[in-house]
Asks: 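To start, I am sharing the structure in question, which I have written as structure tokens.
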2 protein chains.
Amino acid sequence: MTSLSPIAAFLPVTEDAGAATRTRNKLLRAGIAAFAELGYHAASTRLIETAAGVKRNLISYHWGSKDAFWKDCIDCLVGAMMLEFRAVDDQAVNVDGPERLRFFVRAFIRASAKYPEMHSIMLDEGKRNEDRLAWIVERHVEPVKARVEQLLADARRMGVAREIDLPSFYYALVGTSAMFTMAPECRMLFGIDPLEDAAITRHADAIARLLIPDQSLANPLTMKRRK
Amino acid sequence: MTSLSPIAAFLPVTEDAGAATRTRNKLLRAGIAAFAELGYHAASTRLIETAAGVKRNLISYHWGSKDAFWKDCIDCLVGAMMLEFRAVDDQAVNVDGPERLRFFVRAFIRASAKYPEMHSIMLDEGKRNEDRLAWIVERHVEPVKARVEQLLADARRMGVAREIDLPSFYYALVGTSAMFTMAPECRMLFGIDPLEDAAITRHADAIARLLIPDQSLANPLTMKRRK
DNA sequence: ATTAAGGCTTGTCGTATGACAAGTTTATCG
DNA sequence: CGATAAACTTGTCATACGACAAGCCTTAAT
């Protein structure tokens with residue numbers, strides 16, 4: 001491994017919440033970064049402990065097993081990402097119609113950019129079909145899918161959705177986060193840093209435009225052609 | 001690991017090309033599947049050898065190192081994928097204009113569906129910035145990016161491209177293959193098998209429609225607004 | 001039939017991993 | 001002050017890994 005990617009400080013390490021909590025938080029932060037960058041199997045507990053700057057075996061002591069530690073990492077990451085997501089999405093509390101879906105898409109992409117670890121880990125688990133996949137799908141992915149489904153149905157009812165199936169729409173939405181997840185490749189390939197704020201905004205706007213047509217496009221030629 | 005995903009037989013194991021070649025091909029097929037499913041670090045040479053049904057240490061014998069073996073796997077995979085890609089893309093040899101870009105997108109997505117291992121491996125390496133990333137970007141990714149860039153520029157010149165930056169377009173294109181890469185998650189989440197031929201066609205068409213506007217959309221309101 | 005080489009097999013080494021067990025330190029409270 | 005538990009530390013084990021070394025078959029040319 002080269003180096004652990006920087007991760008936003010959503011788990012305070014300085015908070016005076018007791019020594020044990022501080023240790024746990026340091027480990028969770030390092031764990032999220034390591035699981036995202038290396039995958040479950042290649043991210044060893046010893047490596048995570050070293051990255052967190054704590055002594056060997058503390059993961060075993062605090063969580064009992066690597067698997068339980070991983071689940072706690074996911075819960076923390078999802079919690080933090082949801083906070084970020086809502087911070088943007090809630091601005092649309094009074095918005096309706098296609099604008100509503102567009103806000104959702106922008107919020108989702110911004111949150112994905114702030115926590116690329118999530119997409120990384122989902123990609124790692126989503127292709128593997130081990131026990132962890134069922135756990136994370138049921139606990140964290142299903143609600144997101146349900147929300148997307150509802151918003152897309154709303155948009156369709158209003159005749160402002162593109163002609164597209166839910167799975168294609170869903171994977172087009174989550175898949176574009178590859179730009180953030182593959183930041184090293186993106187830097188190499190395009191010479192830009194996709195994690196800069198300006199780049200994030202541009203990407204979020206572009207994908208929102210891609211997924212939700214402008215009002216001006218809502219004409220009978222292209223819309224509501226679904227049988 | 002649960003099981004290695006089935007992989008198309010682009011490397012014949014029955015060809016009478018000498019015992020050594022047959023052994024090498026069996027290992028390459030198993031290696032591609034394992035690297036895609038588990039990632040470089042978690043896919044051990046012993047596991048790959050077992051999956052290939054050959055004796056221990058034959059990777060070391062034939063390639064000298066795991067790294068050299070990985071590179072050979074990638075070259076084989078890219079070669080096979082390019083064959084599949086051209087089989088579809090070459091149908092557009094006489095096509096021009098926006099249809100040309102649409103053919104490219106469909107061909108790319110069909111090839112990605114047939115060889116989801118490619119996307120898997122790119123995601124694995126693209127986030128890690130180890131030596132292998134520079135190797136694969138320079139050798140295999142750059143040409144694809146250049147082709148996309150050229151086609152997008154052509155489409156723009158004709159005024160039929162969406163208002164979008166190259167990186168966003170590129171990662172929207174490659175990112176949607178997440179549906180195939182995350183086939184286990186997709187089955188769990190949507191109850192459909194994304195690797196079925198009908199599903200592939202639907203997805204490819206949907207994404208092509210998403211990325212390249214219909215001719216009817218080429219109006220001054222939405223087009224050529226780029227400064 | 002002998003030889004030699006290519007292809008394969010087995011043995012072993014140094015290192016890494018997750019888990020457990022047994023210790024030691026530190027904090028808290030009566 | 002002393003005790004008690006929580007927090008941490010260190011030791012160890014069975015297993016797994018990549019690489020190398022040495023030996024063993026099979027084949028084909030002489």
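All chains are named by letter (A, B, ...) in the order of the sequence lines, taking the proteins before the strands, and each is independently numbered beginning at 1. Here the structure is a predicted model, which is why all the values come from computation and not from measurement.
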Asks: Measure from CZ on B/Arg22 to P on D/dT27 and round the result to the nearest Å.
Replies: 11 Å

Asks: Hey, what's the ring geometry for B/Phe35 with B/Phe69, parallel, tilted or perpendicular (30° and 60° as the breaks)?
Replies: tilted

Asks: How many Å lie between CH2 on B/Trp63 and P on D/dC20, as a whole number?
Replies: 16 Å

Asks: Within this structure, what is the CG-to-P distance between B/Leu58 and D/dA19, rounded to whole angstrom?
Replies: 14 Å

Asks: Taking atom P of D/dC17 as reference, at what distance in whole Å does atom CZ of B/Phe69 sit?
Replies: 15 Å

Asks: Can you give me the N/O atom pairs linking the protein to nucleotides 12-16 of chain D at distances under 3.5 Å, or say none if there are none?
Replies:
{"unit_1": "D/dT12", "atom_1": "O4", "unit_2": "A/Arg56", "atom_2": "NH2", "d": "3.3"}

Asks: Measure from CD on A/Glu49 to C1' on D/dT9 and round the result to the nearest Å.
Replies: 12 Å

Asks: Between B/Leu47 (CG) and D/dC17 (P), how many Å, whole number?
Replies: 7 Å

Asks: Given atom OH of B/Tyr61 and atom P of D/dG23, what is their separation to the nearest angstrom?
Replies: 17 Å

Asks: Taking donor-acceptor contacts at under 3.5 Å, does the side chain of B/Asn57 reach the base of D/dC20?
Replies: yes

Asks: Between A/Arg24 and A/Asp72, is the salt bridge (Lys or Arg N to Asp or Glu O under 4.0 Å) condition met? List the steps.
Replies: CA-CA 10 Å; A/Arg24 268 193 294 263; A/Asp72 210 6; over 6 Å; no

Asks: In whole Å, what is the span from the CG atom of B/Leu38 to the P atom of D/dG18?
Replies: 12 Å

Asks: Evaluate the side-chain proximity of A/Arg132 to A/Ile74: yes if any heavy-atom separation is below 4.5 Å, no if none is.
Replies: no

Asks: Using a strict 4.0 Å threshold on nitrogen-to-oxygen distance, state whether A/Asp89 and A/Arg106 make a salt bridge.
Replies: no

Asks: On DNA chain C, reading 5' to 3', which nucleotide is the first and which the last to sit with an atom under 4.0 Å from a heavy atom of chain B, could you check?
Replies: C/dG7 to C/dT12

